[in-house]
Amino acid sequence: MPVQETATEVLLTHPANKDTSVSILKYGATVLSWKLNGEEQLWLSTAAKVDGSKPVRGGIPLVFPVFGKNEHDELLSKLPQHGLARNSTWEFLGQVKDSPPTVQFGLNEKLANPELHALWKERFNLILTVELGDDFLKTAIEVENPSTARELQFNWLFHTYLRIPDIDGTMVSNLVGTKMYDSLLKETMVDKHPVVTFHEEFDSVYQNVAPDRVVQVVNQGKPLHTVKRVNLPDTVVWNPWVEKAAGMADFEPKTGYKQMVCIEPGHVHELVHLAPGEKWAAAQILSKDALNYQAI
Ligand SMILES: O=P(O)(O)OC[C@H]1O[C@H](O)[C@H](O)[C@@H](O)[C@@H]1O
């Protein structure tokens, strides 16, 4: 059975390879696991809540309509960090394609977590499409503004926790020369490092990354993850390191920061402005490609 649904999750198995699968929690429409030929590609905290009591720590949480905390926008500033999509239960819309197996989930203002929607009373229709290829995982989002009168303003981001063997010896490529906002220093600069490496907490928003730049996570010279973006200009890179991991109750094991790096394609530096009746679409594609140094 390529698609199995339980009360809380949807599991897709590739018809040509039973060891390639993806599981999605209806809460947050959060991808919890993506196995490629039996090998897990995503990091999920062993203390992650999957009972709907809080957003999932790991996998691919969905960030909408605000990334981080917005201090300026009159409407968005009332929402908690990262908005309401990751803490709302989405509707499973079913399978839309057999090959590769593809499913959809939907969220709108009626289904959204009512306490959070009360803080941001906009109308919206979201459709998440998850496609399990034999060598890739594609997550695509469509946002519709159903209002006939009001513009919809939002951020979107796929908060992807990638699994790595060790943060030492791991680097992230193809971001050199890109303007970045260092969220820890609260400074904007151009990253001149040929690759990103990790020695302490790292939290930066790379802005307007050229659309053809393919971000790769490389460990000991071996390309582990390739992240492609469709209509997502920004990329957040995050590793919490020792102290931040220690401060998160749902982050376990505490040494787990060594086994993960978040590469988060999004539209977060600026808001998307969506006119009444209009749609906006974007996607992330994860794969394991050969090394491709586009910029050093
Ligand atoms: O703890 P959360 O609300 O899930 O946020 C986790 C992280 O998300 C993003 O990567 C931000 O850039 C970080 O500043 C934040 O700490």
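Basis for what follows: all heavy atoms, side chains included, without hydrogens, waters or symmetry-related copies. Just follow the structure's listing: the first ligand is 1, and inside any ligand the first atom is 1.
For atom 6 (C) of ligand 1, the closest non-hydrogen atom of the protein is W238 CH2, 3.6 Å. Protein heavy atom closest to atom 16 (O) of ligand 1, with residue, atom name and distance, is K244 NZ, 3.0 Å. Looking only at heavy atoms of the protein, atom 7 (C) of ligand 1 is closest to H159 NE2, 3.6 Å. Scanning the protein for heavy atoms near atom 1 (O) of ligand 1, the closest one is R57 NH2, 3.0 Å.
The shortest N or O to N or O distance between R86 and ligand 1 is under 3.5 Å.
Contact of the V63 side chain with the W156 side chain is not registered, since no non-hydrogen atoms from C-beta on lie closer than 4.5 Å.
You'll find the ring centres of H269 and Y181 outside the 6.0 Å limit. Ring to ring, W43 and F251 are close: their centroids are under 6.0 angstrom apart. The six-membered or imidazole ring of F154 lies away from that of F124, with a centre-to-centre distance of 6.0 Å or more.
Taking 4.0 Å as the cut-off between side-chain N and carboxylate O, D289 and K228 count as a salt-bridged pair. Ion pairing between a basic and an acidic side chain is recognised when a charged N comes within 4.0 Å of a carboxylate O; K35 and D19 show no such pairing.
The contact set between ligand 1 and Q81, taken as ligand atoms under 4.0 Å from a residue heavy atom, comprises 2 (P), 3 (O), 5 (O), 15 (C). Those atoms of ligand 1 with a heavy atom of F67 less than 4.0 angstrom away are 11 (C), 12 (O). In the vicinity of V236, heavy-atom distances shorter than 4.0 Å reach the ligand 1 atoms 12 (O). Near E264, meaning under 4.0 Å from one of its heavy atoms, ligand 1 places the atoms 9 (C), 10 (O). Residue-ligand proximity, D203 to ligand 1, at heavy-atom distances under 4.0 Å covers atoms 11 (C), 12 (O), 13 (C), 14 (O).
Proximity of V205 to ligand 1, defined as any heavy-atom pair under 4.0 Å, is not found for any part of the residue. Contacts between F202 and ligand 1, counted as non-hydrogen atom pairs separated by less than 4.0 Å, are absent for every part of the residue.
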Please tabulate, for the side chains in residues 114-121, all donor-acceptor contacts under 3.5 angstrom to protein atoms that are two or more places apart in sequence or on a different chain.
from, atom 1, to, atom 2, distance (Å)
H117, NE2, W120, O, 3.4
H117, NE2, E122, O, 2.7

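In the displayed structure, K254 atom NZ is contacted under 6.0 Å by more than 12 heavy atoms of other residues, nucleotides or ligands.
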